[in-house]
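Everything below concerns the one structure shown next.
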There are 2 protein chains.
Amino acid sequence: MSTKGRSAARLARGAVKRQQILDAAAKVLARRGYAATTLAEIAEEVGSAGAGSLYYHFDSREQLIEELLCRGVHVAFEESRRAVACLPASASPLERLEAAIRAHVRSVLVESDYARASGRSAPQVPSDMWGRINADFRRYGKFYDQLIATAMASGELDATVDRSALRMLVVGAINWAPEWYRRSGTSTPDEIANLLVRLMVRGVGPAERKK
Amino acid sequence: MSTKGRSAARLARGAVKRQQILDAAAKVLARRGYAATTLAEIAEEVGSAGAGSLYYHFDSREQLIEELLCRGVHVAFEESRRAVACLPASASPLERLEAAIRAHVRSVLVESDYARASGRSAPQVPSDMWGRINADFRRYGKFYDQLIATAMASGELDATVDRSALRMLVVGAINWAPEWYRRSGTSTPDEIANLLVRLMVRGVGPAERKK
DNA sequence: GTCTATAACCGGATAGAC
DNA sequence: GTCTATCCGGTTATAGAC
């Protein structure tokens, strides 16, 4: 993306460390949550000697975390959107929604500490910070909502159910999944995603003989 | 329940304040989460002047919160069990599971700060404390698992799905619900519970004409 | 039983050496 | 750019007055 040449590369070297800090912070936040995360633990995760070192790259704990959370939503959002965009044009609205859900589950369970950190920490962020970042979360929510609305319009989902409640139940189940999912568990992330999609569409009641 | 007469009543007077503290702490924990709750805020909620006053009733912040969380699971557990027990003997295994889910949703969304606090905070408790209380959470999980297993055995749920994953997705959606549910929202708690039950059993795909 | 004061501690943030 | 030392505010916990 950069068109700035060598000087950009020189700047980028600084940016590398910045990245590493963000990566480390995402890891810590994903396992500790917003309130319990300390700069000391982040510093340890990056290999720095003390928390003071972080202040060369970031103005404050809040700013560091805010940037991290923003990236988290964008990662999950981008993954979902890409998964939808990769479908053939013939894909139905429901199939698009399903692809988004599967991608979201993958982001949160296997791919990204950022996505995991965002999902987990979103509810605990202080209100002033939330005021600055909730637009990003809403955008993602809106994206989901449109996928659902379209699937309803096509007749693939029951249009009489509360779209908002449906979305939040599904997204909630996804955001909660990192709390219990373990690699040693019985189901893989893909199997979990498949189960969640199935719950949304037809449930786990016994297969009824269709007309 | 007490059979101790007047002296118990005298002791109980002290216990009343203890209760009020626990109630206040549950309220704070439910909205702030484990890490962010401070004794000062709990004291303010009960109307005490300072945090120091709490130490007459509790040994430490940890002990106070631990007791509160234990009560939280028990409240939700008890509500669910009672809801199941109140069903007529003719109720099917699936109907029992549904009743438990509805009761759990009600506990978490409207009835109990304790249940809400427990559900929200469980993932953030430090490991030493978790070691002491996870048995209670597991007992509740086991109860759910048996309801699911029985519904599968009766043929009302597909016995080929991963019971554990199914349970955690459903419980996860419930535990997450307080994060987004607002009284001003479009659906009532009962409607949310109904939707969740429907997702589990038949999903929101279009009603298929049955055989 | 509850209050006030305070000790002990911890985490965020700054400053200056290197 | 990173480290070390340090300050400051907030939080848990204790002590002693009332």
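Residue numbers start from 1 in every chain, and the chains themselves are labelled A, B, ... in the order their sequence lines are given, proteins ahead of strands. Given the structure is predicted, the values throughout are model-derived calculations rather than measurements. Scope of the values below: all heavy atoms of this structure, side chains included, with no hydrogens, waters or symmetry mates.
A straight line from CG of L39(B) to C1' of dA8(C) spans 15 Å, rounded to a whole angstrom. Computed from coordinates, the R61(A) CZ to dT14(C) P distance equals 15 Å when rounded to whole Å. Rounded to whole angstrom, the span from the CD atom of Q20(B) across to the C1' atom of dT2(C) amounts to 13 Å. In this structure, CG of L64(B) is placed 16 Å from P of dT11(D), rounded to the nearest angstrom. Note: CD1 (I21(A)) to P (dG1(D)) measures 12 Å, nearest angstrom. What separates CD1 of I65(A) from P of dG12(C) is a distance of 8 Å, to the nearest Å. Look at OH on Y55(B): it is 13 Å from C1' on dA15(D), rounded to the nearest Å. In this structure, the CZ atom of F58(A) is 15 Å from the P atom of dT14(C), given to the nearest Å.
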- Output, in order, the C-alpha distance, side-chain angles, deciding distance and verdict of salt bridge (Lys or Arg N to Asp or Glu O under 4.0 Å) for R102(B) and E95(B). CA-CA 10 Å; R102(B) 290 199 173 88; E95(B) 286 168 339; over 6 Å; no
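Remark on DNA chain D: of its neighbouring residues G50(A) and Y56(A), the 5'-side contact belongs to Y56(A), judged by nearest-heavy-atom nucleotide.
S53(B) comes within 4.0 angstrom of a base, heavy atoms only.
Of the N and O atoms on the side chains of T188(B) and D190(B), not one donor lies less than 3.5 Å from an acceptor on the other residue.
Taking the six-membered ring where the residue is Trp, the centroids of H104(A) and Y140(A) are separated by under 6.0 Å.
Note on E111(B) versus R116(B): no salt bridge recorded, every NZ/NE/NH1/NH2 to OD/OE distance being 4.0 Å or above.
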